[in-house]
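Throughout, protein chains are lettered first and strands after them, A, B, ... in sequence-line order, and every chain is numbered starting at 1. Any value given below was found using the heavy atoms of this structure, including those in side chains, with hydrogens, waters and symmetry copies removed.
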Amino acid sequence: MLGLIDGNSFYCSCERAFNPDLRHRAVVVLSNNDGCVIARTNEARDLGLKMGEPWHLVRDKPQYRNVVWMSSNYALYGDMSRRMFEVLHDFVPAVEPYSIDEMFLDFDGLAESLPALSSRIRETVRRITKIPTCIGIGPTKTIAKLANRVAKADRNGPGVCDFALPAVREAAYGTIPVADVWGLGPAAQRKLKDIGVNTVADFLAYPADDLRGLLTVTALRTQHELMGIECVSFGVVPATRKSLAVTRSFGQPITTWPEMREAVASYTLRAVEKLRGYGLVAAAVQVFMHTNRFNGDPPYANHATVTLEPSNDTILLIGATVRVAHGLWREGFRYAKAGVIFVDLCEAEKATIPFFPSKDPARSAALMRALDAINRRYGRDTLRVGGTVARPNWSMRRANLSPAYTTCLEDILPVHA
DNA sequence: TCTGGGGTCCTAGGACCC
DNA sequence: TCTGGGGTCCTAGGACCC
């Protein structure tokens with residue numbers, strides 16, 4: 001049996017954990033550049049605020065006058081996620097992180113009743129991390145996700161929904177909209193609605209052969225999962241990741257090539273840091289840039305991919321991405337966003353070294369190790385690479401950023417006793 | 001003034017081959 | 001008039017997730 005735990009309004013709850021003034025208030029957390037609403041408390045939801053809503057278009061509405069908005073603070077949320085993970089490890093044999101605020105729990109071999117155990121887990125997570133959660137229980141991931149959703153919808157309920165027994169969940173399926181199912185997105189929902197499939201029960205009653213024609217094999221797997229047949233297994237060690245990206249909108253539009261070069265070089269610097277952090281090398285890189293698609297600026301969007309000798313050398317890769325970016329650059333546009341995406345990743349030890357590498361691999365590795373060690377010890381950006389900039393004027397807006405309460409010594413809360 | 005970022009998987013269609 | 005058949009591999013784009 002599996003569980004799925006997830007943090008309620010996770011980013012908002014992280015902010016509340018360190019700022020009691022936010023309790024019982026409508027709070028939203030905004031995306032990078034203070035752009036869209038990406039998390040909202042129930043109070044904010046009740047005012048009508050929607051996920052993904054551009055904040056600047058709605059913030060001045062009178063009903064939102066008292067909404068507290070925060071810039072996203074991923075250093076904080078990532079650390080809170082890690083704490084939650086550690087608490088869970090004390091209760092169950094295995095935890096599989098799914099996203100920053102969701103973790104699958106392996107309940108196999110536990111003697112205690114699962115709803116009772118789940119309640120204890122919730123209380124402990126709440127006490128130690130201050131994060132409120134809900135837990136769904138089911139034989140497959142899709143059922144556990146659905147149960148979690150049911151638990152969350154019942155705001156004054158126990159915070160736990162147990163779909164372990166077929167009879168229990170099948171009784172509920174008739175009243176749950178198919179839109180609540182993990183893996184059936186807007187496109188699938190439209191098609192299903194057209195043929196009269198509205199509830200989970202309808203979806204299960206729909207013949208598998210027809211479903212395969214209407215949607216794809218993933219929908220077929222989802223149907224099996226909802227019947228209790230496991231198709232998405234727990235704890236399968238994922239092969240090395242397939243891609244790795246750093247992409248950002250600019251705080252203000254970029255109009256000159258030197259600035260764009262700076263931005264692409266800086267994004268590449270971050271991306272290669274991640275790459276080395278995972279012990280990977282990249283054999284291809286994609287670069288893109290585009291103008292603002294919403295504000296009526298003359299549109300331009302382009303991207304290009306090049307293959308490389310497998311590498312995680314910052315200097316070499318910056319050279320490559322800047323060359324690609326230069327090929328994409330067109331004078332006269334107001335660029336809103338650019339990004340660097342590494343694809344064709346493989347583990348550094350297993351990488352094929354070209355017969356004539358453009359850099360001595362041993363020297364490159366030693367230099368990168370030194371770079372990483374210095375930045376780990378003395379802080380990010382202590383040592384940079386030529387052409388990159390730490391605090392440029394195109395960097396993103398984060399006007400309401402909370403302190404790094406848990407990851408930066410200067411930001412730790414003082415306690416007066 | 002102002003509209004996120006980072007992933008995975010699947011499929012259709014083109015290139016290529018015999 | 002009249003232009004095969006069947007396979008593999010790769011890639012771009014769509015759909016989905018949080």
- Query: Taking only Watson-Crick and G-U wobble pairs with both distances under 3.5 Å, what dot-bracket line describes DNA chain C, where [ ] shows pairs that cross earlier ones and | shows pairs with another strand?
  - Reply: ....||||||||||||||
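Shown here are the side chain to side chain donor-acceptor pair (under 3.5 Å) partners of S266(A), two or more places apart in sequence or in another chain: there are none. Residues passing the side chain to side chain donor-acceptor pair (under 3.5 Å) test with R330(A): none are found, sequence neighbours excluded. Partners of R323(A) under the side chain to side chain donor-acceptor pair (under 3.5 Å) rule, at least two apart in sequence or in another chain, do not exist in this structure. Annotation: salt bridge (Lys or Arg N to Asp or Glu O under 4.0 Å) contacts of R397(A) (sequence neighbours excluded): none.
Rounded to whole angstrom, the span from the CD atom of Q286(A) across to the C1' atom of dG13(C) amounts to 11 Å. Between D180(A) atom CG and dC16(C) atom C1' the separation is 16 Å, expressed in whole Å. Atom CG of D6(A) and atom C1' of dC18(C) are 10 Å apart (whole Å). Rounded to whole Å, the distance from CD on Q189(A) to P on dG14(C) is 19 Å. Note: CG (L220(A)) to P (dT11(B)) measures 10 Å, nearest angstrom.
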Going by atom type alone, with no hydrogens or angles, which donor-acceptor pairs under 3.5 Å involve a side-chain atom of residues 277-295 of chain A and a protein atom two or more places apart or on another chain?
residue	atom	partner	partner atom	Å
Y278(A)	OH	R241(A)	NH1	3.4
Q286(A)	NE2	H303(A)	ND1	3.4
Q286(A)	NE2	T305(A)	OG1	3.3
T291(A)	OG1	P298(A)	O	3.4
T291(A)	OG1	Y300(A)	N	2.9
T291(A)	OG1	Y300(A)	O	3.3
N292(A)	OD1	F294(A)	N	2.7
N292(A)	OD1	N295(A)	N	3.3
N295(A)	OD1	D297(A)	N	3.0
N295(A)	ND2	D297(A)	OD2	3.3

Show the atom names and distances, to 0.1 Å, of all donor-acceptor pairs under 3.5 Å that link a side chain in residues 143-156 of chain A to residues at least two apart or in another chain.
residue	atom	partner	partner atom	Å
K145(A)	NZ	E102(A)	OE1	2.6
N148(A)	ND2	L4(A)	O	3.1
N148(A)	ND2	D6(A)	OD1	3.3
N148(A)	ND2	C134(A)	O	3.0
R149(A)	NE	D180(A)	OD1	3.4
R149(A)	NH2	D180(A)	OD1	3.1
K152(A)	NZ	D6(A)	OD1	3.3
K152(A)	NZ	D6(A)	OD2	2.7
D154(A)	OD1	G157(A)	N	3.3
R155(A)	NH1	D46(A)	OD1	3.3
R155(A)	NH1	D46(A)	OD2	2.9
R155(A)	NH2	D46(A)	OD1	2.9

Tell me which donor-acceptor pairs under 3.5 Å the side chains of residues 224-239 of chain A have, and how far apart each pair is, sequence neighbours excluded?
residue	atom	partner	partner atom	Å
H224(A)	ND1	L220(A)	O	3.0
E225(A)	OE1	T142(A)	N	2.9
E225(A)	OE1	T142(A)	OG1	2.5
E225(A)	OE2	C231(A)	N	2.7
E225(A)	OE2	V232(A)	N	2.9

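Screening E15(A), R25(A), R16(A) for a side chain to side chain contact (heavy atoms under 4.5 Å, CB included) involving T41(A) leaves a single residue, R16(A).
Shortest non-hydrogen contact noted between L184(A) and Q189(A) is O-NE2, 2.7 Å.
Taking atom C1' in both dG4(C) and dC16(B), one finds a spacing of 16 Å when rounded to whole Å.
Among the atoms of the strands shown, only primed sugar atoms or phosphate atoms (P, OP1, OP2) are found under 4.0 Å from some heavy atom of V181(A). Heavy atoms of L184(A) sit under 4.0 angstrom from primed sugar atoms or phosphate atoms, though from no base atom. Backbone-only contact: E102(A) has heavy atoms under 4.0 Å from sugar-phosphate atoms and none from a base.
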- Query: In the 5'-to-3' direction, what one-character label does each nucleotide of nucleotides 1-10 of chain B receive under the scheme B = base within less than 4.0 Å of a protein heavy atom, S = sugar-phosphate only, - = no such atom?
  - Reply: -BBBSSSSSS
